[in-house]
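Each remark here refers to the structure printed beneath this line.
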Amino acid sequence: CCEGLLDASGVCCDEDSIDECGVCGGASSTCAMSGQVKVRASSYTELDILMQAEFKVSMAEALQDFGVTPDLVSVSTVTMTPEDEAAEVGFIISPVPEMMGGLAAKACSAHGLCVPATGECSCFPGYTGVACDLCQGGYEKNGQAC
């Protein structure tokens, strides 16, 4: 984590330079944050069920300390790998809750958010460790993703 705050692009800047959308020295009308997680799914049917009901809820629960609710989470991409019984799921949080302003996934290995108040990472589901660079129990490393 940086000494100031990280903007939505991962740029470290002082607190007074970040606008309401989490952009250092600028203005943004999108106010969105994106990320990617790997989920276990043995079939397209199971994946569809996960995407319809459980994914938004589990992401919101993992990020509840930042004010994220299921209605702010949307799925942007899904890439199924049947042989691995897993899928890469891209997501967007929009609008970004005020509590997330100045946070960036890049600070925590792109698998979590840096909490400026504590300097610690809050990891996305499936990840753990000081820098969210380890797989949580029940997850396996596959390339850069768990």
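In this chain, residues are counted from 1 in sequence order.
Heavy atoms only, all atoms of each residue included: C123 and G129 are closest at SG-O, 3.6 Å. Taking all atoms of both residues into account, the shortest heavy-atom contact from D133 to K141 is O-NZ, 3.6 Å. The two residues A62 and S122 make their nearest non-hydrogen contact at O-OG, 4.0 Å. A145 and E88 make their closest contact through CB-OE2, 3.1 Å (heavy atoms, listed as atom of the first residue, atom of the second, distance). The minimum heavy-atom distance linking A41 with L50 is given by the pair CB-CD1, 4.1 Å. Across every non-hydrogen atom of K38 and Y139, the tightest pair is O-CE2, 3.9 Å.
Annotation: the span from C135 atom SG to H111 atom NE2 amounts to 8.5 Å, rounded to 0.5 Å. Taking NZ of K56 as the start and CG of D71 as the end, the distance is 8.5 Å to the nearest 0.5 Å. The CE atom of M59 sits 14.0 Å away from the CD atom of E54 when rounded to the nearest 0.5 Å.
The main-chain N or O of G126 is found under 3.5 Å from a side-chain atom of Q136 such that the two form a donor-acceptor pair. In terms of modelled atom types and a separation under 3.5 Å, the side chain of R40 and the main chain of A87 share no donor-acceptor contact. Between the side chain of Q64 and the backbone N or O of A60, no donor-acceptor pair lies under 3.5 Å.
Follow the hydrophobic side-chain contacts under 4.5 Å out from V78 and you never reach I49; the two are in separate clusters.
With 2.5 angstrom as the limit on SG-SG distance, C121 and C132 do not come in below it.
No more than 12 heavy atoms of other residues, nucleotides or ligands lie within 6.0 Å of CD in E140, so this atom counts as exposed by the packing criterion.
Side-chain contact between L63 and I93 is present, with at least one heavy-atom pair separated by less than 4.5 Å.
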M51 and V89: CA distance, side-chain angles, deciding distance, side chain to side chain contact (heavy atoms under 4.5 Å, CB included) verdict: CA-CA 9 Å; M51 293 301 101; V89 179; 3.8 Å; yes
Candidate pair F55 and V75, rule side chain to side chain contact (heavy atoms under 4.5 Å, CB included), full reasoning: CA-CA 9 Å; F55 182 77; V75 176; 3.7 Å; yes
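Between F124 and F91, the ring planes lie perpendicular to each other; the angle is over 60°, past the 30° to 60° tilted range.
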